[in-house]
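What follows is a set of notes on a single structure, which appears directly below.
Lettering of chains follows the sequences in order, A, B, ..., and the numbering in each one begins at 1. The analysis underlying the following values was restricted to heavy atoms, covering all of them including side chains, and did not include hydrogens, waters or symmetry mates.
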Protein chains: 2
Amino acid sequence: MVTFMPLDPTRPPLPDPAQAAPAAEATAAEATAAEANRAGAGSLVRMLEVLDQFTPDLPVIRVDDLQARLGYTKSTAYRYVKALCDAGLLAQASQGRYSLGPRIVELERLMRIADPLLQAGEAVLPELAAEVPNSMVLLCSLYRDKVLCVHREGPEAIVAGGGRISILRARGLPLPLFQGAASLAILASLPAPRIRALFLQRQAEMAAAGLGKDLAAVRQRLERIRRDGQVTTVGRFNRHLAAVSVPVRSRDGSQVVGSLTRIMAADDFAGQDAERLVKRLQAGAVQLSSKLA
Amino acid sequence: MVTFMPLDPTRPPLPDPAQAAPAAEATAAEATAAEANRAGAGSLVRMLEVLDQFTPDLPVIRVDDLQARLGYTKSTAYRYVKALCDAGLLAQASQGRYSLGPRIVELERLMRIADPLLQAGEAVLPELAAEVPNSMVLLCSLYRDKVLCVHREGPEAIVAGGGRISILRARGLPLPLFQGAASLAILASLPAPRIRALFLQRQAEMAAAGLGKDLAAVRQRLERIRRDGQVTTVGRFNRHLAAVSVPVRSRDGSQVVGSLTRIMAADDFAGQDAERLVKRLQAGAVQLSSKLA
DNA sequence: GGCGGTTTCCCGTATTTTGGGAAAAATAGG
DNA sequence: CCTATTTTTCCCAAAATACGGGAAACCGCC
């Protein structure tokens, strides 16, 4: 039996979380944030905060901006920047301007090479994606308490709602942990203690995401998903899209490692055999698990 | 006029530099390295050295290995690991085992989104690659003093020497700064003071790469390349491959930002009009420059 | 529920980071 | 090629905090 999540028209379509953190902050707020960061955090943590300052809207930052933003002195700002540069995590773009560095791309390649989930995904996803026209398949992975898309297969855009909705550059797209089919499929398969711990730690977020106001409600909701073995959402990520997601388990089946998600036009989805879509995706997930190193 | 670089049969084919740093070290050597690192380097630099420990052969590391390798105490090792984990640069894979973290993939996506060279490359390279069968086109970028491949277009493998030679997962592949057509094309276009500085700093490497034993020789060699506007190598990267590379300049032409390289089977290359290949690549580079934001 | 290994916490000491300014580089302009 | 401006490094005393050792807490696992 396939259950559908209720469409919540009050929630706006999910923004690209990577583009979320807005750069707009009043000078007063900056100072406050700087002081707050300053307290308690060691220099190690402070240095790494520099990386958080880079956003799609601001991919190149000047050192004096860093000083202002994080409340460092010139010396400290340059010290941090130099350490990060020497490690290759930053690189100076031009005079006084720094951007993220080559080491990041290099390390990411290392992860790509070493990631068994990605390897398996590249073998399994193409066929899966091709079976349903005008649909793409996403492979998402769980890191500690972060979900992000590691691979996309299929067309770059879905034709839906009279337009083209593209999910370009999917790899690296962070997904909200408590929203969206891909995340929920993973979340629901987490062991009970971890769900409990997550609830205790991030109760507010869970409630805001509509997962439930108390632990019992959250458990019930996730248990339902777990039993179904899938999550289907229509119109949540985007009004005109539908998503079906199933968990991907480790080879021995002992734990979830990610999720496999098909995204398609909501209109197309209405005409499909939902049960069959899920079955096919689940078969893909099993095949994927079996290919894990 | 197109000049060919002499084939140096004494040098072995370039290994994947990302896989270079071998994990094999005697215990004594480890201790020495640890002590050496320890001296002079601040905690910031020391912490970032943790990232260097991850290799394709050893993508998951235990904390006690870190202690041993870098000479840290348990406390320090955990402090560093925790800071890196909190920043998302590491993630614990399982009990006691840590791997590179989701933030790296996320940051890399940010770079992909923000990199004008990549944007332009994705628009220009496909056509370029398709024009010559059994060839691929590489777009490489210069960061400070590091060259790495940022994009590959065309087939995943070249049919050459009776086999298939594949350059898979090209993005993030670091290239030796003083070897290879792609790097030399960039190097030769660097302003003279930078070349001088590089020579003073890394004279030994330059000599080892056959660039020249003294500054005059290096200058002459690079000047020749710069005048040609291209570098062609046959059998250097791989006995059966040939590469033609041209520099890519910034939109205003004031500086090099990378290189555009065609890789093909050496046998195929012999039958081609070399001049025409270069001309086409140069046209591509110009087009690319014009598309830079 | 108990067990081995992992991770955090605690705290005095001493190493190091810190910050302000001045020197040195690098860059842009003449 | 040389000068003016900005960026970056260097220097050093004072203060902050990273360090290390061990114990306690916290896992996951059997």
> Are Q255(B) and R249(B) linked by a side-chain donor-acceptor pair shorter than 3.5 Å?
Replying inline: no
> Have Q92(A) and R144(B) got a donor and an acceptor in their side chains that come within less than 3.5 Å?
Replying inline: yes
> Just wondering, more than 12 heavy atoms not from R202(A) lying within 6.0 Å of its CZ?
Replying inline: yes
> Should we count CD of Q220(B) as having more than 12 external heavy atoms under 6.0 Å?
Replying inline: no
> Hey, is the side chain of Y80(A) poking within less than 4.0 Å of OP1 or OP2 on dT18(C), counting only N and O atoms?
Replying inline: yes
> Do the side chains of V257(B) and I186(B) get nearer than 4.5 Å, heavy atoms only?
Replying inline: no
Interatomic distance where [atom1] belongs to [X] and [atom2] belongs to [N] [whole Å]:
X       : N       : atom1 : atom2 : answer
Y72(A)  : dT17(C) : OH    : C1'   : 13 Å
R144(B) : dA26(C) : CZ    : C1'   : 12 Å
D65(B)  : dT6(C)  : CG    : P     : 11 Å
D252(B) : dT27(C) : CG    : P     : 15 Å
Q67(B)  : dC19(D) : CD    : C1'   : 14 Å
K82(B)  : dC19(D) : NZ    : C1'   : 17 Å
L66(B)  : dG20(D) : CG    : C1'   : 17 Å
L70(A)  : dG19(C) : CG    : C1'   : 16 Å

Between [X] (side chain) and [Y] (backbone), is there a donor-acceptor pair under 3.5 Å?
X       : Y       : value
S259(A) : A182(A) : yes
S183(B) : G180(B) : no
Q282(A) : G229(A) : yes
Y72(A)  : R46(A)  : yes

>> With salt bridge (Lys or Arg N to Asp or Glu O under 4.0 Å) as the criterion, how do R103(A) and D52(B) come out once you've worked through the C-alpha distance, each side chain's angles and the decisive distance to 0.1 Å?
In response: CA-CA 10 Å; R103(A) 200 76 221 284; D52(B) 298 335; 2.6 Å; yes
>> If you take any heavy atom closer than 4.0 Å to DNA chain C, which residues from residues 188-205 of chain A end up in contact?
In response: none
> Does any residue of residues 86-95 of chain A have a heavy atom under 4.0 Å from DNA chain C, and if so, which ones, in number order?
Replying inline: Q95(A)
>> With each end axis built from five pairs of C1' atoms, what bend angle do you get for the helix from dG1(C)-dC30(D) to dG30(C)-dC1(D)? Round to 10°.
In response: 80°
> With sugar-phosphate meaning primed atoms plus P, OP1 and OP2, does V63(A) contact a base, only sugar-phosphate, or nothing at under 4.0 Å between heavy atoms?
Replying inline: sugar-phosphate
> So what does S75(A) hit on the nucleic acid, given a heavy-atom distance under 4.0 Å: a base, only sugar-phosphate, or nothing?
Replying inline: base
Out of [options], which has the shortest distance to the side chain of [X]?
X      : options                   : result
Y78(B) : dT8(C), dT8(D), dC10(D)   : dT8(C)
S43(A) : dT9(D), dT17(C), dC19(D)  : dT17(C)
Y98(B) : dT18(C), dT7(C), dT8(D)   : dT7(C)
R79(B) : dG20(D), dT7(C), dT18(C)  : dG20(D)
R46(B) : dG20(C), dG20(D), dC19(D) : dC19(D)

> So, for E106(A) and L148(B), which heavy atoms are closest and what is the spacing to 0.1 Å?
Replying inline: OE1-CD2, 4.3 Å
> Do you know which two heavy atoms are closest between A185(A) and S189(A), and how far apart they sit?
Replying inline: O-OG, 3.3 Å
> For DNA chain C, whose closest nucleotide is more 5', that of L44(B) or that of K74(B)?
Replying inline: K74(B)
